[in-house]
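Residue numbers start from 1 in every chain, and the chains themselves are labelled A, B, ... in the order their sequence lines are given, proteins ahead of strands. Both backbone and side-chain heavy atoms feed into the values below; hydrogens, waters and symmetry mates do not.
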Amino acid sequence: MLNKKEIEYVLLTIGEMFPEAECELTHSNPFELTIAVVLSAQATDALVNKVTPNLFTKYKSPEDYIHVPLEELENDIKRIGLFRSKAKNIKKLCQSLVEEYGGEIPQDKSELVKLAGVGRKTANVVASVAFGEPAIAVDTHVERVSKRLGICRWKDTVLEVEKTLMRKIPMEEWSITHHRLIFFGRYHCKAQSPQCPQCPLLELCREGKKRMKRRGLL
DNA sequence: CTCCCGATAT
DNA sequence: ATATCAGGAG
């Protein structure tokens, strides 16, 4: 496990690598962002961004999703994976928005997670990106990077990872750091081919060194 | 825990 | 061919 100074060094370094890290899901309001994040489960942002322009042109409001047959919505998002459950969730989500939230996305995380298809991670993204609340959404990248670097333990659940990050990172930096961790994971510390040989954090990364030795590079 | 699932990288 | 992708519901 990294100590306090090492964690500070990690935050500084990824800050230099990805100073402008931000949400890469294209959206122009909280409602579109919520739909995009629901769609992004087990799919790349790039793919979601290919589908949403047409989707957001056709569906402007929760009512638009409610008034279309399920099969038609499924077809509109088919290119993204898990399309049947996502289509069903989006229709339920929009139903709740109209019936219980006046057609608007709620700002409170405890309300967000009540929406169909919205779990803790999605709620954190919406609260943080759409409403500027401090939050750390632990997705596949944040989890992998945190475990590889030794910010948390390998056996930690995603909830434990989130708590650890909130404890070790100043609250004012939660949102930007969260996005930098994602960029670091997405473009550098990648799942399949991590760029260990050219990583500025290799010296303090146990997993990185282990990988390098395994390949005879260290 | 399993299931959902097409697109893309390796 | 297989692993992975801004996970969540049952």
Once you round it to whole Å, what is the distance between C1' of B:dT8 and NZ of A:K190? 12 Å

Return the value, rounded to whole Å, for the distance between atom CD1 of A:I77 and atom P of B:dC4. 16 Å

Take atom C1' in B:dC1 and the same atom in C:dA6, then report the distance between them in whole Å. 23 Å

So do the side chains of A:L25 and A:V129 get within less than 4.5 Å of each other, counting heavy atoms only? no

Which is more 5' along DNA chain C, the nucleotide nearest A:N89 or the one nearest A:C23? Just name the residue. A:C23

May I ask you to evaluate whether A:R186 reaches the phosphate of C:dA6, defined as a side-chain N or O under 4.0 Å from OP1 or OP2? yes

Show the atom names and distances, to 0.1 Å, of all donor-acceptor pairs under 3.5 Å that link a side chain in residues 70-77 of chain A to residues at least two apart or in another chain.
| from | atom 1 | to | atom 2 | distance (Å) |
| --- | --- | --- | --- | --- |
| A:E72 | OE2 | A:K58 | NZ | 2.6 |
| A:D76 | OD2 | A:K58 | NZ | 2.9 |
| A:D76 | OD2 | A:Y59 | OH | 2.6 |

May I ask you to check whether over 12 heavy atoms, not counting those of A:Q195, lie within 6.0 Å of atom CD? yes

Between B:dC4 and C:dA1, how far is it from one P atom to the other, in whole Å? 23 Å

Give the rounded distance in Å between these two atoms: CD of A:Q42 and C1' of C:dA6. 10 Å

Whole angstrom is fine here: how far is it from CZ in A:R79 over to P in B:dC4? 23 Å

Please compare A:L82 and A:K50 by the position of their nearest nucleotide in DNA chain B and report the one closer to 5'. A:L82

note: A:I136, atom CD1; C:dA6, atom C1'; distance rounded to Å ~ 15 Å

Does A:T140 have a side-chain nitrogen or oxygen under 4.0 Å from the phosphate oxygens OP1 or OP2 of C:dC5? yes

Judged by each residue's nearest nucleotide on DNA chain C, which is more toward the 5′ side, A:I182 or A:V118? A:I182

Apply side chain to side chain donor-acceptor pair (under 3.5 Å) to A:N49 and list each qualifying residue two or more places apart in sequence or on a separate chain. A:T26

A:K121 NZ to C:dG8 C1', in whole Å, measures 10 Å

Rounded to the nearest angstrom, tell me the gap between atom CG in A:D76 and atom P in B:dG6. 16 Å

Nearest heavy-atom approach of A:P106 to A:F131 is O-CE1, 3.5 Å

Does A:S193 place a side-chain N or O at less than 4.0 Å from the phosphate oxygens OP1/OP2 of B:dT10? yes

May I ask you to say what A:K88 touches in the nucleic acid, namely base, sugar-phosphate or nothing, with a heavy-atom cut-off under 4.0 Å? nothing

Between C:dC5, B:dG6, C:dA6, which nucleotide gets closest to the side-chain atoms of A:R144? C:dC5

Residue A:Q192, side-chain atoms from C-beta onward, closest of C:dA3, C:dA6, C:dG7: C:dA3

Looking at every strand, decide which applies to A:A191 at a 4.0 Å heavy-atom threshold: base, sugar-phosphate, or nothing. sugar-phosphate

I'd like to know if A:K163 and A:E160 make a salt bridge, using a cut-off of under 4.0 Å between side-chain N and carboxylate O. no

Separation between the P atoms of C:dG10 and B:dC5, rounded to whole Å: 13 Å

Contact class for A:K78 vs. all strands (heavy atom < 4.0 Å): base, sugar-phosphate, or nothing? sugar-phosphate

Would you indicate which nucleotide in C:dG7, B:dC5, C:dA6 comes nearest to any side-chain atom of A:T122? C:dG7

Between P of C:dA9 and CG of A:L115, the distance in whole Å: 10 Å

